[in-house]
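To start, the structure itself, in structure tokens.
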2 protein chains.
Amino acid sequence: MKSYRIGIFGLGTVATGVVKILREQAKTYAKRFNVAFEVVQVVVRDTEKLRDPKTQDLPISDDPKSILENPHIDIVIELIGGVKIAKHIIEQALKAGKHVITANKDLIAADGRRLAKLAEENQVGLYYEAAVAGGIPILRALSTSLSPDEIQQINGIMNGTSNFILTQMRQHKLSYEDALKLAQDKGFAEADPTNDVQGIDAAYKLRILTDFAFGKQVSQNDIQMTGISTITQTDLKDVSDLGYEIKLLATVSKSAANKLQLSVAPTLMPKDHPLASVQNENNAIFVNSRYSGGLMFYGPGAGEYATANSVVADLLALVTGSAAPAKFNTHPSSSLALAGPKDRIASRYMVFKVADRPGIIHKLSAFFLMSNINFRNIRQYDPVDDSTRVVIITYPASDAQLNPVKTTIRQARGVSFIHEYKLLVEPKENSHD
Amino acid sequence: MKSYRIGIFGLGTVATGVVKILREQAKTYAKRFNVAFEVVQVVVRDTEKLRDPKTQDLPISDDPKSILENPHIDIVIELIGGVKIAKHIIEQALKAGKHVITANKDLIAADGRRLAKLAEENQVGLYYEAAVAGGIPILRALSTSLSPDEIQQINGIMNGTSNFILTQMRQHKLSYEDALKLAQDKGFAEADPTNDVQGIDAAYKLRILTDFAFGKQVSQNDIQMTGISTITQTDLKDVSDLGYEIKLLATVSKSAANKLQLSVAPTLMPKDHPLASVQNENNAIFVNSRYSGGLMFYGPGAGEYATANSVVADLLALVTGSAAPAKFNTHPSSSLALAGPKDRIASRYMVFKVADRPGIIHKLSAFFLMSNINFRNIRQYDPVDDSTRVVIITYPASDAQLNPVKTTIRQARGVSFIHEYKLLVEPKENSHD
């Protein structure tokens, strides 16, 4: 039997889950994999903080050196999050010849490639499957099963908090505010929910996926972000009546002209699309590719045990050799530019508030005609207080076509533009011959 | 750059796909993975058979020795299917020190463990991800990401033909016969569709999953099979009105008492369950486990390129060392017995044809009371020709409870039992503390 000594940074939810799994499964891992793990040191910021009773017997310290300079520790698990301190810890650990497992999406998004290189130079492993979508093994799938393939597009529901809020709004007819409060009460959303509901958290994960799938490093600023906080019950009813579901979708897609388009935004999709069935705090990542067609990976995007299981899976992969660390796509097959307004083509769901008087629809439709944009669907509702809601679903149009229309409408009298969400663009069937 | 010489057995759809992918991606694989592949020999039964123009330049023979005894061939890809000849080929190849990649589900189901052992003894790799659910990387997920976990249940839509037929029946109100004909016209179903529509094909895949997830080898006879051929439009309407979708589901689940329950059968599930969104020829495998909760893997279950991509992914895993062969669970954590009638507990959708006269529902309900089975839902429809359709959804009941009821009903006058499908049983939320 091989024994490994582990040092863990952090002792929050996921770290506690890791400790519990390792203890609950110790006998099984010994029998199945002939390995034993011992957590010999934990380092936390505040050693006085209340801890789970099941972790109280662990040696704890607030000094990083108690792990980094302990020559008996083989493997470091970094679960403190954040960038600055975590980066320093991982660098020191790798340089000291220790393998590292982390769930740190911010750090891997910003610095994953460099750290992976550092690990290689020091002939140790750096594993980080848990950094994207918690319990869903998407990075390993991209770097093994999808490695022969040409990926065209990835659409992910990668923020459990937002998806929980949207699901509760739809199922129980709650307002955004009430659904957010419910998410906060259940511990799914933080007191300041900005990172989750504005798409920032999903954008970090999208950056990692983009590097894996397309070999392209992008920054947060390269990703168009729209949050969910302005979605109303009326929107949900419209969308449902029209046969769609709305989800906060993180999207990266490659056009025929090799332009990459990145966004995190509420997106409409047909109700029978597999992504539409993803409820509450679950995540899913849908990958379109040349050979495999459409693959989807679904599961819990967060949670004590699901993410912890992903960390332990990395640990077992490392010690049994069953899988190499998931790899960044370091040899991009083409030089990819970022998409501009002309390349961003999609159908749109657009909502207007217009004055309840003759000629207003005529005026509104003239603006669209100006850019030669065709309607697929238009609905005007009964007026309330002298104004009426108009909902339009357009045929595919580019941002470049639509921007002047929106500018004109913003200046027009009697018409106000409320908001606009894109419809999911599905890649055309490939022809191989 | 490392070069590998490949011999391929078979040149049907999947093999042709493999050859095309290797050619289309040769430059990319050289750049990204620093490897080159050369198909130096193909062996087929009938060398005169018409072939895809893109494979006409390959050296072809009907003599297995041209691959097996060729010392320059490093890797054998077996895609002829069937058991007897394929087994011989794989054994000979492994003994000759050649790595083997196969998509042969029948053979792996029956003999996978022994062949894996033979590969290990000869220090070569045996890869077979494509044997289960074509393009979906489920075996690798089970043997890496889910290796720390305790699997409770697997539910899979693993026969594209049946799922296509059921989807077409639902969407276009076709009869089973017309939907089958459509599937045959599209090449999804064979002239004799028995293997697909009776659950035999899905059962082979379920056996492999059962061995991976639970370390238990089972035979076809251990799996209760019910086909889809008796499902009618009336059933689909009932099921839909009640809020369910019906799918041919392959299921293996472990009870609290460590009993394994295996079946392939039409199964009702709530419309918003992720498995319910799986349309047409797509497959999906839903895994419930202690730590990860519910994970689903969705994608094309067959097809030239999807399955071929899976074969090429195995090839790249083998030569780059990114992943070890997916492994059977060779150290089961507990000795598992097969479930008996008492252990098979589920809610049921049951359909009866009863005489249109007073007291018939009273009589029918008395039979259920006999076994103390409660109804969750009962519907009687308007009579047609002196008889009427009665649909019952029961609360969970075991086969042992239900069997005497069915026997009694079969002997009763004025009541005939048409058929019965189970409702999906979802594992209870785990309590960890």
Side-chain angles (χ1 to χ4, degrees), chain A residues 17 20-21 25 27-29 31-33 54 129 135-137 140-141 143-150 272-274 276-279 282 284 289-300 303 305-306 308-310 312-313 315-317 320-324 327 329-331 333 430 432-433, chain B residues 17 20-21 25 27-29 31-33 54 129 135-137 140-141 143-150 272-274 276-279 282 284 289-300 303-306 308-310 312-313 315-317 320-324 327 329-331 333 432-433:
Chain A
K20 287 188 192 169
I21 293 177
Q25 301 297 327
K27 280 186 192 164
T28 306
Y29 297 166
K31 260 208 297 191
R32 271 188 73 184
F33 306 112
K54 296 206 173 165
E129 178 63 72
I136 306 176
R140 192 149 296 138
S143 68
T144 56
S145 314
L146 282 156
S147 66
D149 213 334
E150 284 173 33
D272 64 358
H273 193 281
S277 73
V278 179
Q279 313 286 345
N282 286 300
S289 64
R290 177 169 175 183
Y291 301 122
S292 302
L295 289 174
M296 188 174 88
F297 303 85
Y298 163 99
Y305 286 98
N309 183 74
S310 194
V312 180
L315 190 59
L316 288 171
T320 65
S322 69
K327 277 214 171 155
N329 184 340
T330 44
H331 298 274
S333 55
N430 299 301
H432 288 278
D433 296 290
Chain B
K20 287 189 193 170
I21 292 177
Q25 302 296 326
K27 281 186 191 165
T28 305
Y29 297 166
K31 261 209 296 191
R32 272 188 73 182
F33 306 112
K54 296 204 173 169
E129 179 63 74
I136 305 176
R140 192 150 294 139
S143 68
T144 57
S145 313
L146 283 155
S147 65
D149 214 335
E150 285 173 31
D272 63 358
H273 192 284
S277 71
V278 179
Q279 313 286 345
N282 286 298
S289 65
R290 178 168 174 182
Y291 301 123
S292 301
L295 289 174
M296 188 174 89
F297 302 85
Y298 163 98
E304 176 176 8
Y305 286 99
N309 183 74
S310 194
V312 180
L315 190 59
L316 288 172
T320 66
S322 68
K327 276 211 170 155
N329 185 339
T330 43
H331 298 273
S333 54
H432 287 277
D433 295 290

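Per chain, numbering begins at 1; letters A, B, ... match sequence-line order. As the structure is a prediction and not an experimental result, all values here were calculated from the model. Heavy atoms only: backbone and side chains are in, while hydrogens, waters and symmetry mates are out.
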statement: Residues at least two apart in sequence or cross-chain that pass side chain to side chain donor-acceptor pair (under 3.5 Å) with B/D149, listed by chain then number, are B/S289, B/S292
- prompt: When rounded to the nearest 0.5 angstrom, what distance separates OG in A/S322 from NZ in B/K327?
  reply: 8.5 Å
What residue in [options] has the most heavy-atom pairs under 4.5 Å with chain A?
| options | value |
| --- | --- |
| B/G294, B/A308, B/S277, B/P148 | B/P148 |
| B/L315, B/I136, B/N309 | B/N309 |
| B/G135, B/A317, B/G17, B/S147 | B/S147 |

task: Specify the closest pair of heavy atoms between A/A313 and B/T144, including all atoms of both residues, with the distance to one decimal.
output: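 Looks like CB-O, 3.8 Å.
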- prompt: If you look at every heavy atom in B/A324 and A/G321, which pair is closest and at what distance?
  reply: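 Closest approach of B/A324 to A/G321, heavy atoms only: CB-O, 3.9 Å.
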Partners passing ring pair (Phe, Tyr, Trp, His ring centres under 6.0 Å) against B/Y298 (at least two apart in sequence or in another chain):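 Scan of B/Y298 (ring pair (Phe, Tyr, Trp, His ring centres under 6.0 Å), adjacent residues dropped) gives A/F286.
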Aromatic ring pairing A/F297/B/F297, orientation class (parallel under 30°, perpendicular over 60°, tilted between): perpendicular
With a 4.5 angstrom heavy-atom cut-off, is it the side chain or the backbone of [X] that approaches chain B, or both, or neither?
| X | result |
| --- | --- |
| A/E150 | side chain |
| A/S310 | neither |
| A/Y29 | side chain |

query: With chain B, which of A/A306, A/S143, A/P274 has the greatest number of heavy-atom pairs at distances under 4.5 Å?
result: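 Looking at each option in turn, the highest pair count goes to A/P274.
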- request: Answer with side chain, backbone, both or neither: which region of B/L316 has an atom nearer than 4.5 Å to a non-hydrogen atom of chain A?
  value: side chain
